[in-house]
Amino acid sequence: QVQLVESGGGLVQAGGSLRLSCAASGGDFTWYTMAWFRQASGNEREFVAGITWRGVTRTYADSVKGRFTISRDTAKNTVALQMNSLKPEDTALYYCAADQRYEITTTSGDYYYWGQGTQVTVSS
C-alpha cells in the first residue's frame with residue numbers, strides 16, 4: 001500500500017527558509033508524478049509544485065516561482081520542497097501527493113495518494 005509521509009514543517013520568520021521532505025513507500029514510483037499542495041485555514045487546497053518521477057519536468061505555482069524548488073531522489077523515493085524567502089501568506093498545511101501519471105497536473109482531484117500534511121507557519 002502506497003504511503004506518503006511528510007516532514008520538515010515548522011515555524012519560521014518571514015524571509016527565512018524551510019525544507020520539506022516526502023518519503024514514499026509501498027509502490028514502484030517509476031511512473032509517478034509527485035506534487036506539493038497547500039491549504040491555508042479557510043481556503044481551498046492549492047497546487048504549489050510538481051515533478052515527474054523519471055523526467056526533469058517541474059511546474060510551479062506563480063506565487064512560489066523563484067522562491068521554491070522541488071526535487072526528487074529516485075533511489076530513496078523522496079521528494080523535497082526547498083522554500084526560501086518565505087512570506088506570511090505561505091502559512092498553510094503542506095501536503096505531498098502522488099499519482100501514476102506521466103504529466104504534472106495542478107488539480108488536487110487528479111492525485112490518488114496523499115500524505116497527512118506538515119504545518120508551515122511564517123511569522124511577520
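Heavy atoms only: backbone and side chains are in, while hydrogens, waters and symmetry mates are out.
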- Enclosure of Gln116 CD (heavy-atom neighbours >12, cutoff 6.0 Å): no
- Message: Checking Glu46 against Arg38 for the side-chain contact (heavy atoms from CB on, under 4.5 Å) test, could you report, in this order, the C-alpha distance in whole Å, the side-chain angles of both residues, the deciding distance, and whether it holds?
- Response: CA-CA 5 Å; Glu46 65 174 2; Arg38 67 186 182 186; 2.6 Å; yes
- If you draw a 6.0 Å radius around CD in Gln3, do more than 12 non-hydrogen atoms from other residues or ligands fall strictly inside? no
- Message: Just so I know, are the side chains of Arg101 and Thr52 near enough to count as touching, which here means a heavy-atom distance under 4.5 Å?
- Response: no
- Query: So, do Phe68 and Leu81 sit near enough that their side-chain heavy atoms are less than 4.5 Å apart?
  - Reply: yes
Taking distance alone, no hydrogens or angles, what donor-acceptor pairs closer than 3.5 Å link side-chain atoms of residues 16-29 to residues at least two apart or in another chain?
unit_1	atom_1	unit_2	atom_2	d
Ser17	OG	Asn84	OD1	2.9
Arg19	NH1	Gln82	OE1	3.3
Asp28	OD1	Thr30	N	3.0
Asp28	OD1	Thr30	OG1	2.5
Asp28	OD2	Thr30	OG1	3.4

- Is the closest side-chain heavy-atom distance between Val122 and Leu86 below 4.5 Å? yes
- Query: Do side-chain atoms of Thr121 reach the backbone of Leu11 as a donor and acceptor pair under 3.5 angstrom?
  - Reply: no
- Query: Where do Val120 and Met83 come nearest, in terms of heavy atoms and distance?
  - Reply: CG2-CE, 3.8 Å
- Task: Give the other cluster members for Phe37, using side-chain heavy-atom distances under 4.5 Å between Ile, Leu, Val, Met, Phe, Trp and Tyr residues; answer none if it is isolated.
- Result: Phe47, Leu93, Tyr95, Ile104, Tyr111, Trp114
- Item | Minimum heavy-atom distance Met34-Ile70, with the two atoms named | O-CD1, 4.3 Å
- Query: Does the side chain of Val2 reach to within under 4.5 Å of the side chain of Tyr112, using non-hydrogen atoms?
  - Reply: no
- Any side-chain heavy-atom pair of Asn77 and Arg72 under 4.5 Å: no
- Task: Drop me the distance from Thr59's OG1 to Lys65's NZ, to the nearest 0.5 angstrom.
- Result: 8.5 Å
- Message: To the nearest 0.5 Å, what is the distance between CD on Glu44 and OG on Ser108?
- Response: 8.0 Å
- Task: Applying side-chain contact (heavy atoms from CB on, under 4.5 Å), run through Glu6 and Trp36 and close with a yes or a no.
- Result: CA-CA 10 Å; Glu6 304 98 333; Trp36 288 93; 3.8 Å; yes
- Item | Polar side-chain atom of Thr33 near backbone of Asp99 as donor-acceptor pair, under 3.5 Å | no
- Message: Minimum heavy-atom separation for Ala92 and Ala40, please, with both atom names.
- Response: CB-N, 3.8 Å
- With distance as the sole test, does Thr107 use its side chain to make a donor-acceptor pair with the main-chain N or O of Gly109 at under 3.5 Å? no
- Decide yes or no for Val48 and Tyr94: does some side-chain heavy atom of the first lie under 4.5 Å from some side-chain heavy atom of the second? yes
